[in-house]
Amino acid sequence: MAELVTALTVFALAVFVGFEVITKVPPTLHTPLMSGSNAISGITLIGAIIVCLVASSTLTLVLGSIAVALATVNVVGGFLVTHRMLAMFKSRKKD
Amino acid sequence: MENLLYLLSACLLIIGLKMLGSPKTAVRGNAIGAVGMLIAAGVALLLSRDAGGAPLEISREALIAIGVGLAAGTLAGIIASQKVQMTAMPQMVALFNGLGGAASALVATIDLFNKKAGSSVELTLSVPAALSVLIGGVTLTGSAIAFAKLQGLIGGRPLVYPLQKPLNLLLLLGAIASCCWLAAEPLDSTPLYCLAGVAAILGVLSVLPIGGADMPVVISLLNSYSGLAASAAGFVLGNNILIIAGSLVGASGLILTKIMCKAMNRSLANVLFGAFGKAPEGAAEAPATASGGTVKSGSPDDAAMILDSASLVIIVPGYGMAVAQAQHATREMADLLQKNSCEVKYAIHPVAGRMPGHMNVLLAEADVPYDQLYDMDQINSEFSQADVALVIGANDVTNPAAKTDPSSPIYGMPILDVENARTVMVLKRSMNPGFAGVDNELYGRDNTMMIFGDAKETVTRIVSGLKDL
């Protein structure tokens with residue numbers, strides 16, 4: 001129970017941090033922000049790696065490998081796509 | 001040690017997200033976020049401990065499984081991110097999102113599979129596991145439908161059928177019931193499959209009735225869901241970094257969703273359950289002269305002549321411009337007009353393109369200077385002074401019915417007042433209605449000139465027309 005309360009505390013505080021961090025973004029950056037935060041949701045990769053490490057059967061190992069792959073696409077693709085979009089804004093600034 | 005590194009990673013993710021919010025720091029912010037993610041992944045791989053607190057031995061099999069997954073995912077991610085067109089960005093985000101949701105659902109599932117039969121699983125673990133499967137499943141199939149709609153694989157029009165709302169409500173109740181069942185019997189596979197199935201159907205059926213024009217809102221909401229699914233998986237594994245990063249994304253998706261709904265002057269409930277853009281019976285295929293008025297069409301040369309004598313031109317770019325890849329030609333035209341001492345401004349509707357800010361990205365790609373872009377609130381009063389409002393591939397955001405016709409599905413959405421300009425030029429493929437499936441009475445107005453054809457070709461011909469004058 002104590003662990004759950006700690007986890008809930010972390011959860012609640014992180015939600016408030018999320019609201020505060022994000023409310024002041026100019027509309028121009030909403031699309032990159034969406035894809036950037038989408039990349040962060042690929043954090044589930046960490047979970048996928050951990051369940052692989054403690055996998056107890058071939059089935060869970062295979063499923064774990066799939067989970068790692070899916071989450072990695074989310075992370076790698078998300079960050080790269082965000083970078084591509086932002087790079088365009090940046091190159092414009094030099095003109 | 002590993003918890004300290006996770007804390008560092010969480011801080012980097014938060015700082016990265018914060019920096020993504022300002023144009024000057026966004027590139028670095030994205031990189032910092034990526035570093036945070038890399039650290040977390042490294043810690044998970046090298047410093048994980050078992051339930052007793054002893055360092056985990058990495059078996060060869062586990063190493064292969066993780067290695068294969070990482071390699072395949074990295075390759076696919078790199079290829080997808082480099083190949084995707086800027087116009088297709090929204091569905092790309094939808095796709096990535098769906099995969100993330102699926103991964104979270106899988107993580108919770110595998111964790112349950114890993115528990116030995118007969119061992120006791122507490123509610124503090126089984127409830128978040130059930131939530132993770134439910135939210136992850138809805139995210140996966142909902143994102144898939146959003147992707148299919150934006151990619152044009154299935155029609156953008158909302159799909160409605162009798163008893164839809166009762167059926168969806170029933171499904172939702174079914175999902176809650178399956179959740180409770182799985183939470184009570186976490187080691188039984190029947191409730192697990194049942195919940196996964198119901199979640200998948202729920203995702204499909206809740207996105208299908210939503211029109212293509214509302215997909216940005218849906219994607220943003222699904223982005224929030226995928227974060228919550230990751231967060232729930234974090235509760236299952238007792239891992240703080242998953243909880244923190246997941247809820248960060250959950251909050252950000254919700255904020256963006258709110259902003260988008262506000263731009264369309266509608267409530268989230270209305271978007272999700274309103275079956276917006278439902279085509280009026282029989283009106284769907286009629287290439288009608290809009291609302292009785294006579295439609296006047298002109299040639300690119302006619303347009304060039306009018307533009308040549310204009311002193312203020314406001315360009316209203318829409319998704320159609322981007323699809324036709326007309327943004328570069330448009331900028332060339334704008335350059336010519338400016339040499340002609342004509343002032344050129346771009347009016348950006350909050351939902352122009354397919355996501356908020358999408359049009360800004362597309363125009364930045366074509367090197368259109370920042371300071372020529374104006375938000376709707378800044379520019380709307382200026383249309384009355386403009387000689388020409390040049391609408392390129394935009395439709396619904398210029399439709400006066402949003403102000404005048406309470407029966408219109410887009411009634412109440414703030415629009416760009418292009419009708420106030422002396423001449424309104426509309427570059428459009430045909431008279432077909434826009435993404436929302438609504439006719440535009442603007443096209444029948446006296447001061448409106450329609451120029452039919454491919455936007456890129458039309459603009460290119462206007463450019464050569466301007467050069468010849």
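Every chain is numbered from 1 and lettered A, B, ... according to where its sequence line falls, protein lines coming before strand lines.
- Among the candidates L75(B), L222(B), V84(B), the residue making the largest number of heavy-atom pairs closer than 4.5 Å to chain A is V84(B).
- Contact count against chain A (heavy-atom pairs under 4.5 Å) is highest for N240(B) among T109(B), N240(B), L123(B).
- A distance of 7.5 Å separates OG in S81(B) from CZ in R84(A), rounded to the nearest 0.5 Å.
- The neighbour count for Y225(B) OH, taken as heavy atoms of other residues, nucleotides or ligands under 6.0 Å away, does not exceed 12.
- Looking at heavy atoms from C-beta onward, I43(A) lies out of side-chain contact with L248(B) at the 4.5 angstrom threshold.
- Rounded to the nearest 0.5 angstrom, N74(A) CG and L95(B) CG are separated by 9.5 Å.
- Put simply, of G42(A), A55(A), G64(A), the one with the most heavy-atom pairs under 4.5 Å next to chain B is A55(A).
- Heavy-atom pairs under 4.5 Å with chain A were tallied for S226(B), A108(B), G67(B), A72(B); the largest tally goes to S226(B).
- At a 4.5 Å heavy-atom cutoff, E122(B) makes no contact with chain A through either its backbone or its side chain.
- Between the side chain of S41(A) and the backbone N or O of G227(B) there is no donor-acceptor pair closer than 3.5 Å.
- Residue N114(B) touches chain A through both its backbone and its side chain, counting heavy-atom pairs closer than 4.5 Å.
- Within a 6.0 Å sphere centred on CD of Q85(B), heavy atoms belonging to other residues, nucleotides or ligands number 12 at most.
- For the pair A44(B) and L53(A), the tightest heavy-atom approach, listed with the atom from each and the gap, is O-CD1, 3.3 Å.
- Note that the OG atom of S247(B) and the CZ atom of F16(A) stand 11.0 Å from one another [nearest 0.5 Å].
- For the residue pair N223(B) / S37(A), a side-chain donor-acceptor distance below 3.5 Å is found, with atom types taken as modelled.
- Annotation: maximal heavy-atom pairing with chain A below 4.5 Å, among L228(B), L99(B), L242(B), L106(B), occurs at L242(B).
- Atom OG1 of T72(A) sits about 11.0 Å away from atom CD1 of I78(B), to the nearest 0.5 Å.
- For L20(B) against G36(A), the heavy-atom pair with the smallest separation is CD1-CA, 4.0 Å.
- In this structure, I58(B) CD1 and C52(A) SG are separated by 11.0 Å, a value rounded to the nearest 0.5 Å.
- Side chain of T31(A) to main chain of H358(B): a donor-acceptor pair is present (N/O by atom type, distance under 3.5 Å, no hydrogens or angles).
- Looking only at heavy-atom pairs under 4.5 Å with chain A, the residue among S104(B), A230(B), S59(B) that has the most is S104(B).
- Proximity to chain A (any heavy atom under 4.5 Å) is shown, for A41(B), by both the backbone and the side chain.
- At least one donor-acceptor pair closer than 3.5 Å links the side chain of N30(B) to the backbone N or O of F79(A).
- Of the listed residues (L63(B), V68(B), L45(B), V43(B)), the greatest number of heavy-atom pairs within a distance under 4.5 Å of chain A belongs to L45(B).
- Using a 4.5 Å heavy-atom cutoff, the side chains of L17(B) and L33(A) are in contact.
- Within the 4.5 angstrom heavy-atom criterion, atoms from both the backbone and the side chain of F113(B) approach chain A.
- Annotation for F11(A) and S231(B): closest pair CD1-OG, 3.2 Å, computed over non-hydrogen atoms.
- Interface residue L254(B): only side-chain heavy atoms are found under 4.5 Å from chain A.
- Chain B forms the most heavy-atom pairs under 4.5 Å with one residue out of V15(A), N38(A), L4(A), I40(A), and that residue is N38(A).
- Only the side chain of L237(B) comes within less than 4.5 Å of a heavy atom in chain A; its backbone stays farther off.
- Taking all atoms of both residues into account, the shortest heavy-atom contact from A39(A) to M37(B) is O-CE, 3.6 Å.
- Proximity to chain A involves both the backbone and the side chain of S252(B), based on heavy atoms less than 4.5 angstrom apart.
- E3(A) places none of its side-chain heavy atoms less than 4.5 Å from the side chain of T124(B).
- To the nearest 0.5 angstrom, I49(A) atom CD1 is 6.0 Å from I66(B) atom CD1.
- Taking both residues in full, the closest heavy atoms of V73(A) and A76(B) are given as CG2-CB, 3.8 Å, listed atom of the first, atom of the second, then distance.
- Your options are L80(A), I46(A), V68(A), V81(A), and the one with the most heavy-atom pairs under 4.5 Å with chain B is I46(A).
- Across every non-hydrogen atom of A67(A) and I110(B), the tightest pair is CB-CD1, 4.4 Å.
- Note: L8(A) leads L45(A), L8(A), T6(A) in heavy-atom pairs under 4.5 Å with chain B.
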